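Each remark here refers to the structure printed beneath this line.
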Amino acid sequence: APPLANRPPTRTSPRRVTPARMAGMLRARSVRTPPRGTHFIPAALGAVGYEPRNLREAKRHPSWSQWLSAILKEHQGLRDHRVYDVVPRSDVPATAQVLSSMYTFKDKPGGAKARLVVHGHRQRIKPSDIEKYAATPTLTSFRILVATATQNDDEIDHLDVSQAFTQATEFTDDEAIYLAPPEFSGTPQGHVWRLRRPLYGLICSPSRWFNTLSAFFVADGWQQVNGESCLYTKPTASGYRLLASFYVDDVLLSYSAADAAEARAFRERFASRFRSTNLGPLRHYLGIDVVRDRVAGTTTLSQEQSILDLLDRHGLRPGECNATDTPLSPGCHLSRTDCP
């Protein structure tokens, strides 16, 4: 063999750069960011200005009187809906499980709100998949509803159901779910609750409420839209149609000005079956702010407030963040092999 110094240079094929390697080789480009804090607005606060994480924090705060009023209002709603029966603890079978519960609190612009939530995750006998499944609308269907209403200049009303799960159909006699009475319920000593209707926190509650609301629409003459379990339509006398979509306790009703009387009649039937509030034209839905310009014929969807709440939840103040036009550098290539 010739000496190494006299050998001809070895020819090698050019290095093949895969998309994954290209993603790692790219350098982030510098982008011009706006001045600090210029793109943010102050987050809207609730009426109280404080939101406790549990009952203990609520009791220790100076705003305790407002949270106590919210708790008592929650219990009054449970009694009005006949959610439970008070039974002696001695009547509870030895094999039956008595669940516990807790209060959750929310500081809303309208005032303090409390909700009783059952520790349903502790149920020893878990409901089947069929008993706990509840469909929800896709954001695509929501955008289609808003886009259709914008194009045809239709109205969109927002209905909110109060304590929705407690207005679902009652449990049957062979469905016995017991609950230890929570604080401030006024239940006598030595007694427990036997639930007659679902409560928040139970695994089966979303499914029962979904079936109850769906059955109401079908009985009222509505027809489910193919491929969308939470979107219903109903023809009107004008030859047009009503359109309704619901996400748990938020119901949207779209109709033309010619069908205002039929829409009003539906709202009355809905209010006679479910305790609800007509919030008027749609302005806020699932963290999305909706702004309509009827003159220009446009509708703007924004999640700015949701982003502000997310920043505040993680301790990132708007004035301490740098706004950027895009979250990633333009031209950055990502592939499946980059994950995680």
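Everything numeric in this text was worked out from a predicted model, so none of it was measured.
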*Derivation and outcome, side chain to side chain contact (heavy atoms under 4.5 Å, CB included), residues Phe142 and Tyr247*: CA-CA 10 Å; Phe142 167 69; Tyr247 187 100; over 6 Å; no
*Step by step, would you call Arg241 with Asp259 a salt bridge (charged side-chain N to carboxylate O under 4.0 Å, His left out)?*
CA-CA 8 Å; Arg241 51 100 186 105; Asp259 301 325; over 6 Å; no
*Which is it for Lys59 and Glu183 under the salt bridge (charged side-chain N to carboxylate O under 4.0 Å, His left out) test, yes or no, and what are the steps along the way?*
CA-CA 12 Å; Lys59 289 182 177 180; Glu183 193 175 355; 2.9 Å; yes
*Decide yes or no on side chain to side chain contact (heavy atoms under 4.5 Å, CB included) for Ser162 and Phe274, but give the supporting numbers first.*
CA-CA 8 Å; Ser162 175; Phe274 303 108; over 6 Å; no
*Please lay out, stage by stage, how Leu202 and Gln123 fare under the test side chain to side chain contact (heavy atoms under 4.5 Å, CB included).*
CA-CA 9 Å; Leu202 287 179; Gln123 283 184 271; 4.0 Å; yes
*Test side chain to side chain contact (heavy atoms under 4.5 Å, CB included) applied to Leu78 and Gln163, step by step*: CA-CA 8 Å; Leu78 299 182; Gln163 296 178 310; 4.0 Å; yes
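Within a 6.0 Å sphere centred on CZ of Arg79, other residues, nucleotides and ligands contribute more than 12 heavy atoms. Crowding of Asp174 atom CG: a count of heavy atoms from other residues, nucleotides or ligands under 6.0 Å exceeding 12. Counted within 6.0 Å of CZ on Arg82, heavy atoms from surrounding residues, nucleotides or ligands total 12 or fewer; the atom is thus considered open. Environment of NZ in Lys73: sparse, with no more than 12 heavy atoms of neighbouring residues, nucleotides or ligands closer than 6.0 Å. Under a cut-off of 6.0 angstrom, the local environment of CD in Gln151 is sparse, with at most 12 non-hydrogen atoms contributed by other residues, nucleotides or ligands. For Gln223, the CD atom is loosely surrounded, since the number of other residues' heavy atoms within 6.0 Å does not exceed 12.
Under the 4.5 Å side-chain criterion, counting only non-hydrogen atoms from C-beta, Thr299 is not in contact with Val291. Between Phe266 and Tyr255 the shortest side-chain heavy-atom distance does not fall below 4.5 Å. No side-chain heavy atom of Glu155 sits less than 4.5 Å from a side-chain heavy atom of Leu253. Between Ile156 and Leu145 there is a side-chain heavy-atom pair separated by less than 4.5 Å. Side-chain contact check for Ser101 versus Val117: every heavy-atom pair is 4.5 Å or farther apart. Between Phe270 and Leu159, some side-chain heavy-atom pair lies under the 4.5 Å cut-off. By the 4.5 Å heavy-atom criterion applied to side chains, Leu252 and His158 are counted as neighbours. Residues His61 and Val48 are not in side-chain contact: their nearest non-hydrogen atoms beyond the backbone lie 4.5 Å or more apart.
Both Met102 and Phe165 are members of a single hydrophobic cluster when ILVMFWY side chains are connected at heavy-atom separations under 4.5 Å. At a threshold of 4.5 Å between side-chain heavy atoms, the hydrophobic network of Ile, Leu, Val, Met, Phe, Trp and Tyr places Leu231 and Val290 in one connected group. Using a 4.5 Å cut-off between side-chain heavy atoms of Ile, Leu, Val, Met, Phe, Trp and Tyr, with links allowed through other members, Phe171 and Val86 fall into the same hydrophobic cluster. Val218 is connected to Phe216 through a chain of hydrophobic side-chain contacts under 4.5 Å among Ile, Leu, Val, Met, Phe, Trp and Tyr, so both are in one cluster. The hydrophobic clustering, which links ILVMFWY residues whose side-chain heavy atoms are closer than 4.5 Å, places Phe184 and Tyr200 apart.
The distance from atom CD of Glu51 to atom OG1 of Thr104, rounded to the nearest 0.5 Å, is 9.0 Å. Between Glu304 atom CD and Asp309 atom CG the span is 10.5 Å, to the nearest 0.5 Å. The distance from the CG atom of Leu139 to the CD1 atom of Ile144 is 11.0 Å, given to the nearest 0.5 Å. Atoms CD1 and CZ, from Ile203 and Arg122 in turn, are 12.5 Å apart once rounded to the nearest 0.5 Å. A distance of 9.0 Å separates CG of Leu282 from CG of Asp157, quoted to the nearest 0.5 Å. Rounding to the nearest 0.5 Å places CD1 of Ile288 at 13.5 Å from CD of Gln305.
Across all non-hydrogen atoms, the minimal contact from Asp154 to Arg294 is O-NH2, 3.8 Å. Across Ser205 and Pro198, no two heavy atoms sit closer than the pair OG-CB, 3.3 Å. Ser229 and Ala135 make their closest contact through CB-CB, 3.6 Å (heavy atoms, listed as atom of the first residue, atom of the second, distance). Shown here for Arg194 and Glu175, the closest heavy-atom pair between the two residues is NH2-O, 3.9 Å. Contact between Val98 and Ala180 at its shortest, heavy atoms only, is CG1-N, 3.4 Å. Nearest approach of Val161 to Gln167, heavy atoms of both residues: CG1-NE2, 3.5 Å.
Judged by distance alone, with hydrogens and angles left aside, the side-chain atoms of Lys106 form no donor-acceptor pair with the main-chain N or O of Gly111 at under 3.5 Å. Checking side-chain atoms of Ser185 against main-chain N and O of Pro181 turns up no donor-acceptor pair under 3.5 Å. Side chain of Trp209 to backbone of Val248: a donor-acceptor contact under 3.5 angstrom is found. Listed for the Thr138 side chain is a donor-acceptor partner under 3.5 Å among the backbone atoms of Ser141. Side-chain atoms of Gln66 never come within 3.5 Å of backbone atoms of Ser63 as a donor-acceptor pair (strictly under, hydrogens ignored). A side-chain donor-acceptor contact under 3.5 Å links Asp107 to the backbone of Gly49.
Side chains of Asn54 and Tyr103: no donor on one and acceptor on the other come within 3.5 Å.
Judged as a side chain to side chain contact (heavy atoms under 4.5 Å, CB included), and not counting sequence neighbours, the contacts of Asn211 are Ser207. With sequence neighbours excluded, the residues forming a ring pair (Phe, Tyr, Trp, His ring centres under 6.0 Å) with Tyr232 are Phe217, listed by chain and number.
Ring-centre distance between Trp222 and Phe246: not below the 6.0 Å cut-off. Ring centers of Trp193 and Tyr178: at least 6.0 Å apart, outside the cut-off.
Between Arg275 and Asp80 there is a salt bridge, since at least one side-chain N of the basic residue sits less than 4.0 Å from a carboxylate O of the acidic one. Salt bridge absent: Glu262 and Arg267 never bring a charged side-chain N and a carboxylate O closer than 4.0 Å.
Taking the centre and axis of the six-membered ring of Tyr84, the NZ or CZ atom of Arg196 falls outside the cone set by 45° and 6.0 Å.
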